[in-house]
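What follows is one structure encoded as structure tokens, with my remarks underneath.
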Amino acid sequence: MSVAILAPGSRARRFSTRLTQVAITLFGLLLLTFFIGRVMPVDPVLAIVGPDADHSTYQQVYHQLGFDQSLLTQFGIYLSNLLHGDLGNALLTGKPVTADILRVFPATLELATMAIIVGAGLGIPLGVLAAARRNSLSDYAVRIISLAGYSTPIFWVGMMGLLLFYAWLGWVGGAGRLDLGLEGLVPRRTGLMTVDALLAGNGAVFWNAINHLVLPASLLGFHSLAYISRMTRSFMLAQLSQEFIITARVKGLTERQVIWNHAFRNILVQLLTVVALAYGSLLEGAVLIETVFSWPGFGSYLTGSLLLGDMNAVMGCVLLVGIIFVMLNLLSDMLYQLFDPRTKS
């Protein structure tokens, strides 16, 4: 009875502790990014006024941006504006950073979601296969694929993929999210091109969007497949060496039942974290693929902002990345409790 009474309080304490950790993490991330941005050898004032502007114009813009104040004062002003939902205006577009992120992020979300479906959908079965047939030809093949996924530069794979599957074979669409002739035919509702096409009932735009999405998503998925398959294999090998697996085999269970109903079930919780972290990495790390495929997403926007020294946009992007990883970790914890009852105590 006492355990049941104390459990809600324990959960509340864990929740408050987690919120405190989240707040400290995001604050530290913002603080570090802000001060690094201020010492970068890039002058955002010159990006606005141009290299031919006179000194008085430069000083006027310098003062308007608040760069004549101390770093602590600038950071305090930024935090105050942030608490009011104002991330500032982007130098690259002249629009609010929030509006820019809402415009570009759905493209990356669509790309990363398709990529993690490919990566997890293939990586998990391949990892299980490699562990179940350890030191066999299948195991070596999966390990070679994983090694190739880790070691091959993603931008080179992207260019070779475009050359082979688009330029030579013509199996997939080229750069961008749609063919030029189909741009603007579907009203923007969610920013996800495939979803918007379905909502508009435009099959031509939908299949064209899929045609453009399949190659970059598959290449990103191949990169995450390497990590997911390797971790799955490692987890499965640890489980297959346990005594309960030997007992299950002695009882006469088939190898399929032993692998999937016993060993795989025990690593499911660990795989949730692996897939969640891989998904978060895809959301914020698709810069090179987006560059190669001219994909107008979050990674391209962040890269352009960094090159310009646009710290308002960079800080907004960093904050979003931090929130994504925090939310994915919270989701993993919730799924832990769903799949592993021992974590509920």
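The figures that follow rest on heavy atoms only: side chains count, while hydrogens, waters and symmetry mates do not.
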With rounding to the nearest 0.5 angstrom, report the CG to OG1 distance, L225 to T232. 9.0 Å
Residue pair L87 / N312: nearest heavy atoms and the distance that separates them: O-CB, 3.8 Å
Please test R230 against R143 for side chain to side chain contact (heavy atoms under 4.5 Å, CB included), starting from the C-alpha separation and ending with a verdict. CA-CA 7 Å; R230 182 179 178 183; R143 291 160 70 178; over 6 Å; no
side-chain hydrogen bond (donor to acceptor under 3.5 Å, both in side chains) contacts touching residues 177-201 (sequence neighbours left out): E110-R177, E110-T194, D179-N208, D179-H212, T190-D196
Yes or no on side chain to side chain contact (heavy atoms under 4.5 Å, CB included) for I124 and I228, after CA distance, side-chain angles and deciding distance? CA-CA 6 Å; I124 292 175; I228 294 173; 3.7 Å; yes
Hey, what do you get for OG (S218) to CG (L213), rounding to the nearest 0.5 Å? 8.0 Å
So, for G221 and S224, which heavy atoms are closest and what is the spacing to 0.1 Å? O-OG, 3.0 Å
Counting only heavy atoms not in W260, do more than 12 fall under 6.0 Å of its CH2? yes
Are there over 12 heavy-atom neighbours, none belonging to M327, within less than 6.0 Å of that residue's CE? no
Pairwise distance CG(L282) to CD1(I324) - rounded to 0.5 angstrom: 11.0 Å
Residues which pass ring pair (Phe, Tyr, Trp, His ring centres under 6.0 Å) with F105, listed by chain and number, not counting sequence neighbours: F298
If you compare all heavy atoms of R133 against all heavy atoms of D139, which two are closest, and at what distance to 0.1 Å? O-CB, 3.3 Å
Residues sharing L182's hydrophobic cluster, by side-chain heavy-atom contacts under 4.5 Å among ILVMFWY, directly or via others? L178, L185, V186, M193, V205
Within the distance-only criterion (no hydrogens, no angle test), does the side chain of T152 pair as donor or acceptor with the backbone N or O of A148 below 3.5 angstrom? yes
Smallest separation among heavy atoms of G299 and T108, with atom names: N-OG1, 3.9 Å
Could you grab the distance from atom CZ of R134 to atom CG of L240, nearest 0.5 Å is fine? 9.5 Å
Non-hydrogen side-chain atoms of I259 and M236 separated by less than 4.5 Å: yes
Is there a donor in the side chain of T113 and an acceptor in the side chain of Y279, or the other way round, less than 3.5 Å apart? yes
As an exercise, state the distance from CG of L147 to CD1 of I144, rounded to the nearest 0.5 Å. 8.0 Å
For F325 and T25: C-alpha separation, side-chain torsions, deciding distance, then whether side chain to side chain contact (heavy atoms under 4.5 Å, CB included) applies. CA-CA 11 Å; F325 274 97; T25 300; over 6 Å; no
Do the side chains of L320 and I101 get nearer than 4.5 Å, heavy atoms only? yes
Donor-acceptor contact present, side-chain S229 to main-chain A226, <3.5 Å: yes
Can you tell me which residue pairs pass the ring pair (Phe, Tyr, Trp, His ring centres under 6.0 Å) test with a partner in residues 176-210, sequence neighbours excluded? none
Side chains of T57 and D54 only: does a donor on one sit below 3.5 Å from an acceptor on the other? yes
Please find the pair of heavy atoms, one from V214 and one from V172, that lie closest to each other, and give the distance. CG1-CG1, 3.6 Å
How about M114: does its CE atom have over 12 heavy atoms from other parts shown lying under 6.0 Å from it? no
Look up atom OH in Y301 and atom CG in L306, then write down how far apart they are to the nearest 0.5 Å. 11.0 Å
Would you say CG of L180 has more than 12 non-hydrogen atoms from neighbouring residues, nucleotides or ligands within 6.0 angstrom? no
Look at the side chain of W171 and the backbone N and O of Y166, then say whether any donor-acceptor pair between them is shorter than 3.5 Å. no
Could you please spell out the steps behind the side chain to side chain contact (heavy atoms under 4.5 Å, CB included) verdict for L126 and R233? CA-CA 8 Å; L126 287 176; R233 178 182 182 274; over 6 Å; no
Considering residues at least two apart in sequence or located in another chain, which fulfil the side chain to side chain contact (heavy atoms under 4.5 Å, CB included) criterion with Q270? F235, I267
Donor-acceptor pair, Y62 side chain versus F67 backbone, under 3.5 Å? yes
How close do S300 and E290 get, heavy atom to heavy atom, and via which atoms? N-OE1, 2.9 Å
Please tell me if the side chains of V321 and L283 come closer than 4.5 Å, counting only heavy atoms from C-beta onward. no
Please answer: with hydrophobic residues joined when any side-chain heavy atoms are less than 4.5 Å apart, are M159 and L163 in the same cluster? yes
When hydrophobic residues are tied together by side-chain contacts of less than 4.5 Å, even through go-betweens, does F165 share a cluster with L220? yes
Are L319 and I77 linked, directly or through other ILVMFWY residues, by side chains that come within less than 4.5 angstrom of each other? no
Does E243 CD have over 12 foreign heavy atoms under 6.0 Å away? no
With a 4.5 Å heavy-atom cut-off, do N266 and Q242 have their side chains touching? no
Answer whether the closest heavy-atom distance between the side chains of L122 and F222 falls below 4.5 Å. no
Any pair counted as side-chain hydrogen bond (donor to acceptor under 3.5 Å, both in side chains), so long as it reaches residues 72-91, sequence neighbours left out: R38-Q74, S70-T73
Find out if a path of hydrophobic residues (ILVMFWY) with successive side-chain heavy-atom gaps under 4.5 Å connects F155 to L111. yes
Check for me, please, whether V118 and V275 land in the same ILVMFWY cluster - side-chain distances under 4.5 Å, paths through other members count. no
